[in-house]
Amino acid sequence: MPTTDAQIEQVRALVAAIPRGRVATYGDIATAVGLSTPRTVGWIMRTDAADLPWHRVLGANGRPAAHLAQRQLALLTAEGVPIRNGRVDLRTARFPLPAT
DNA sequence: TTACTGACGGAGA
DNA sequence: CTCTCCGCCAGTA
């Protein structure tokens with residue numbers, strides 16, 4: 001099943017819905033939208049999410065993608081997100097995404 | 001057309 | 001804890 005425009009919009013909407021100081025994972029978003037792989041979410045962030053709070057999206061391990069780590073962690077710290085050793089504590093910062 | 005890449009993730013070792 | 005390997009799918013060569 002190819003990714004639809006509607007799904008891309010849903011991904012954008014969910015990312016935009018993450019409150020300041022909270023985060024979500026690529027996998028969470030993929031599941032909520034019904035995508036078969038979180039990679040697709042990564043692809044959307046890369047291409048069509050420059051105007052969204054992209055820094056609130058992390059990998060399942062609580063770490064940002066390597067090339068963005070420095071910048072992303074700085075932004076998250078500024079929002080008060082709990083970070084330990086470059087790793088976000090998902091147990092407390094994870095935002096329960098609204099299922100559609 | 002095939003092959004490789006990548007804002008990913010889970011299972012093994 | 002770290003490091004591979006494999007499935008996934010859109011884009012690129």
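Naming convention: chains lettered A, B, ... in sequence-line order (proteins, then strands); numbering from 1 in each chain.
Taking atom CG on Asn85(A) and atom C1' on dT2(C), their separation rounds to 15 Å, with Å as the unit. Rounded to whole Å, the distance from CD1 on Ile44(A) to C1' on dG6(B) is 14 Å. In this structure, the CD1 atom of Ile8(A) is 9 Å from the P atom of dA10(C), given to the nearest Å. When the P atom of dC1(C) is taken as reference, atom CG of Asn61(A) falls 10 Å away, rounded to whole Å. Atom CG of Asp48(A) and atom C1' of dG6(B) are 17 Å apart (whole Å). Protein atom CD1 of Ile29(A) is 17 Å distant from nucleotide atom C1' of dC9(C), rounded to whole Å. Distance CZ (Arg63(A)) to P (dC1(C)): 8 Å, rounded to an integer number of Å. In this structure, the CG atom of Asp5(A) is 17 Å from the P atom of dC9(C), given to the nearest Å.
Counting non-hydrogen atoms under 4.0 angstrom, Arg87(A) reaches the backbone sugars and phosphates but no base. Nucleic acid contact class of Pro2(A) (heavy atoms, under 4.0 Å, all strands): sugar-phosphate only.
A salt bridge links Arg56(A) to Glu79(A): at least one charged side-chain nitrogen sits closer than 4.0 Å to a carboxylate oxygen. Contact check on Asp89(A) versus Arg94(A) returns no salt bridge, with no Lys/Arg side-chain nitrogen under 4.0 Å from an Asp/Glu carboxylate oxygen.
When only modelled atom types and interatomic distance are considered, Asp28(A) and Thr31(A) share no side-chain donor-acceptor pair under 3.5 Å.
In summary, of the residues considered (Leu75(A), Val57(A), Leu58(A)), a side-chain contact (heavy atoms from CB on, under 4.5 Å) with Pro64(A) occurs for Leu58(A) alone. Each of Leu35(A), Asp48(A), Thr37(A), Ile8(A) was checked for a side-chain contact (heavy atoms from CB on, under 4.5 Å) with Trp43(A), and the lone residue meeting it is Ile8(A).
Look at Thr3(A) and you'll find a side-chain N or O under 4.0 angstrom from OP1 or OP2 of dA10(C). Contact between the side-chain N/O atoms of Thr47(A) and the OP1/OP2 oxygens of dG11(C) is not found at any separation under 4.0 Å.
Nearest to the side chain of Trp43(A), among dG10(B), dG7(C), dA10(C), sits dA10(C). The Arg46(A) side chain lies nearest to dG6(B) when the options are dG10(B), dC9(C), dG6(B). Out of dT2(C), dG10(B), dG7(C), the shortest distance to the side chain of Ala60(A) is found at dG10(B).
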